[in-house]
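Read the structure below first, then the notes.
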Amino acid sequence: MSPRGVFLHNLRIGSLGRAGQLDAARQLFDRMPTRDTVSWNAILTAHWQNSDLEGSKRLFDSMPQRNTVSWNSIIAGCLENARPDEALDYFAKMPLRNVASWNAIVSGLVKYGRFEEAERLFVAMPARNVVSYTAMVDGLARKGEVDRARDLFDRMPKKNAVSWAAMISGCVENGRYEEARYLFDRMPEKNLAAITAMITGYCKEGNVEQARSIFNGIRHKDLICWNAMMAGYVHNGHGEEALKLYIQMQNTGMKPDHATLIAVVTACSALGLLQGGKRTHAFAIKTKLLLNVSLCNALITMYSKCGCIGDSQFIFQNIQNRDLVSWNAIIAACSQHGDYDNVLSLFSEMEEKGMIPNEITFLSILSACGHVAKVEECLNWFNLMMSKYRIHPRAEHYACLVDMLCRAGHLEKACKYIREMPYEAETSAWGAVLAACRMNSHVKLGELVAKKLILSDSRTSGAYVMLSNIYAAAGMWREVVKVRGLMKQNGAKKQPGYSWIQIADKVHLFSVGDASHPDIDKILSELERIGFHMKMFSHYANLSL
DNA sequence: TTAGGGTTAG
């Protein structure tokens with residue numbers, strides 16, 4: 001085989017590998033009468049690019065000759081396929097390292113959150129280039145040390161657009177939107193990565209309009225900026241906008257990836273669109289995108305929120321490499337469905353598998369206790385979380401606890417916890433007390449709490465409505481009128497509550513006192529039947545609202 | 001042959 005023939009074959013093997021056609025690449029490689037080191041490197045890379053790291057390792061071991069690129073490729077393969085320790089192993093054994101080897105290992109460690117090791121190697125590097133500095137800026141920012149990242153960024157001997165984008169996104173990730181804007185305005189040549197980071201920043205600030213206007217200004221939109229805009233809509237509660245954008249994106253011929261589908265599935269779960277969620281699930285199976293763990297996690301939540309806990313469990317059972325989020329998602333699903341026993345068994349199962357629970361795991365457990373009125377258990381978990389797992393309770397954990405105590409009628413104890421908590425009492429915690437005051441006719445305490453709430457936020461209607469309900473429950477009608485007057489005077493508006501359900505592609509929307517639905521008679525009689533059923537099972541519905 | 005933007009859980 002001529003040197004030129006070998007050269008062309010090598011190129012072809014590389015492009016087949018990148019295109020996901022490992023078998024074709026392998027055939028081409030096997031049929032080559034003569035091969036050089038580049039051919040071996042190309043086929044080695046093709047294997048790990050198609051999730052066959054073991055194949056790459058076998059090739060690496062049987063190679064007649066290895067150069068630095070071979071070592072760099074096997075290291076990259078380990079890092080791409082979640083094997084950072086094996087990457088470190090190869091790195092240690094390498095006879096000759098170049099800047100790319102060092103950069104690969106530093107950025108790889110950053111990717112797996114191993115910041116200290118990354119920094120140690122960055123310091124030990126014999127020579128650094130723009131890539132090394134940018135990787136470290138990214139690492140420091142991800143670690144939450146934005147000031148140090150910024151310091152390194154300012155001291156970098158040379159910057160390019162990638163470095164700027166990394167710094168801007170670091171600011172956005174840590175909520176420093178003002179600084180992100182400042183840098184973006186001074187960035188010499190704005191690339192799409194930086195623009196996308198700004199879109200995300202504006203969305204995180206809640207300013208979707210500004211984000212959308214930047215998005216609209218992008219001439220050549222790539223998949224990632226579409227994804228960023230869609231995710232931004234979803235996080236701000238504009239699921240319909242996200243879905244509209246999804247259709248627009250497909251109309252441009254852009255093919256969705258797993259991140260796109262995550263946004264779509266999350267939008268479907270927020271809107272309760274089971275059919276849309278199922279369609280996306282089917283699409284993910286067809287396109288092999290279901291292999292992505294995060295997408296599976298989103299599907300667990302979607303099915304659970306749409307009432308199909310069995311499907312959530314099915315997805316969970318079939319995930320190959322479950323992460324902490326998968327466990328949290330399924331525990332939350334069981335918690336929302338009132339299945340305390342399953343929550344317990346899942347928790348012990350995850351511990352057996354060596355998965356360490358985090359604050360969100362405990363939030364689900366605490367709220368599961370609340371759903372089935374297990375007061376003692378709730379307090380035990382709360383203490384266990386602090387003592388054994390060293391997790392400091394957040395305001396939300398307190399809210400769970402307070403809510404639970406209130407439902408069980410332990411108002412004094414609930415107030416004690418509220419006073420004890422090291423945070424400004426969140427509206428939700430006091431709201432729970434207020435709701436309990438109405439149930440238990442504690443007018444005095446209710447007044448106290450409501451006044452506190454109204455003082456902190458006079459424009460939200462919740463506290464007024466609750467207080468007036470407390471008065472109404474106690475028959476104090478004069479006070480009811482007074483509170484309603486005060487509410488009007490302070491300009492607090494009550495948001496009308498809507499609920500909706502999707503049946504066979506049609507969404508049916510309802511609001512209070514709304515009788516416009518064509519089947520309203522049937523609906524009301526079904527509601528009556530369910531209400532009767534609930535009473536039979538002693539879920540007493542309090543109708544004094 | 002190394003660096004950047006989007007991704008899940010309450």
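Computed over heavy atoms, backbone and side chain alike; hydrogens, waters and symmetry mates excluded. Chain letters run A, B, ... following the sequence lines, proteins first and then strands; every chain starts at 1.
Scanning atom types as modelled, no donor and acceptor separated by under 3.5 angstrom connect the side chain of A:N72 and the base of B:dT1. For A:N160 against B:dG4, a side-chain-to-base donor-acceptor contact under 3.5 Å is absent. For A:N227 and B:dG5, a side-chain-to-base donor-acceptor distance below 3.5 Å is absent, hydrogens and geometry of angles not being considered.
Annotation: cation-pi geometry not satisfied between A:R97 and A:W71 (NZ/CZ under 6.0 angstrom from ring centroid, within 45° of ring axis). Geometrically, A:R128 engages A:F122 in a cation-pi contact, judged by NZ or CZ lying under 6.0 Å from the ring centre and within 45° of the ring axis. Taking the centre and axis of the six-membered ring of A:F184, the NZ or CZ atom of A:K190 falls inside the cone set by 45° and 6.0 Å.
Close to B:dG4, at under 4.0 Å from its OP1 or OP2, lies no side-chain N or O of A:T134. Considering only side-chain N and O atoms, A:R322 lies nowhere under 4.0 angstrom from the phosphate OP1 or OP2 of B:dA9.
The existence of a salt bridge linking A:E86 and A:K57 is confirmed by a sub-4.0 Å separation between a basic side-chain nitrogen and an acidic carboxylate oxygen.
A:R394 comes within 4.0 angstrom of a nucleotide base, judged by non-hydrogen atoms across all strands. Counting any heavy atom pair closer than 4.0 Å across all strands shown, A:Q336 reaches sugar-phosphate atoms only and no base atom. A:A194 comes within contact range of no nucleotide atom at all, as no heavy-atom separation falls under 4.0 Å. Looking at heavy-atom distances under 4.0 Å, A:S73 makes contact with sugar-phosphate atoms alone, never a base. Nucleic acid contact for A:H235: sugar-phosphate only, since backbone atoms but no base atoms lie under 4.0 Å from a heavy atom of the residue. Across all strands shown, A:A228 has heavy atoms under 4.0 Å from sugar-phosphate atoms exclusively, and none from any base. Base contact: A:A193 has a heavy atom under 4.0 Å from a base atom. In this structure, A:S269 reaches neither bases nor backbone, as no heavy-atom distance under 4.0 Å exists between it and the strands shown.
Proximity note for A:A165 (side chain, C-beta onward) versus B:dG4, B:dT8, B:dG6: the nearest is B:dG4. Here the nucleotide nearest the side chain of A:A231, chosen from B:dG4, B:dA3, B:dT7, is B:dT7. For A:I262, the side-chain atoms get nearest to B:dT8 when compared with the rest of B:dT8, B:dT1, B:dG6. Of the candidate nucleotides B:dG10, B:dG6, B:dT8, B:dG10 has the atom nearest to the side chain of A:S364. Of all nucleotides listed (B:dG4, B:dT2, B:dT7), B:dG4 comes nearest to the side chain of A:S169. For A:I360, the listed nucleotide lying nearest its side chain is B:dG10; candidates were B:dG6, B:dG10, B:dT7. Candidate nucleotides B:dG6, B:dG4, B:dT2 were compared by shortest atom distance to the side chain of A:A100, and B:dT2 ranks first. Ranking B:dG6, B:dG5, B:dG10 by closeness to the A:E396 side chain, first place goes to B:dG10. In this structure, the nucleotide among B:dT2, B:dG6, B:dG4 sitting nearest to the side chain of A:A104 is B:dT2. Listed nucleotides: B:dA3, B:dT8, B:dG10. Nearest to the side chain of A:K305: B:dG10.
Ring centers of A:F347 and A:W381: under 6.0 Å apart, within the cut-off. The distance between the ring centers of A:Y398 and A:F382 falls below 6.0 angstrom. A:W40 and A:F60 have their aromatic ring centers separated by at least 6.0 angstrom.
For the pair A:R142 CZ and B:dT7 C1', the interatomic distance rounds to 12 Å; values are reported in whole Å. Between the CG atom of A:N358 and the C1' atom of B:dA9 there is a distance of 8 Å, given to the nearest Å. With rounding to whole Å, A:Y90 atom OH is found 18 Å from B:dT2 atom P. Atom CD1 in A:I391 sits roughly 13 Å away from atom C1' in B:dG10 (whole-Å rounding). Atom CD1 in A:I315 sits roughly 14 Å away from atom P in B:dA9 (whole-Å rounding). Whole-Å rounding puts the A:W48 CH2 to B:dT2 P distance at 8 Å. When the P atom of B:dG10 is taken as reference, atom OH of A:Y398 falls 22 Å away, rounded to whole Å.
Listed by residue number, the members of residues 178-192 of chain A with any heavy atom below 4.0 angstrom from DNA chain B are A:N191, A:L192.
Residues satisfying the side chain to side chain contact (heavy atoms under 4.5 Å, CB included) criterion with A:V131, sequence neighbours excluded, are A:N103, A:N129.
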Please table the atom pairs, donor to acceptor, closer than 3.5 Å between any side-chain atom in residues 299-310 of chain A and protein atoms at least two apart or in another chain.
unit_1 : atom_1 : unit_2 : atom_2 : d
A:T301 : OG1    : A:N297 : O      : 3.4
A:Y303 : OH     : A:H281 : ND1    : 2.8
A:S304 : OG     : A:Q336 : OE1    : 3.3

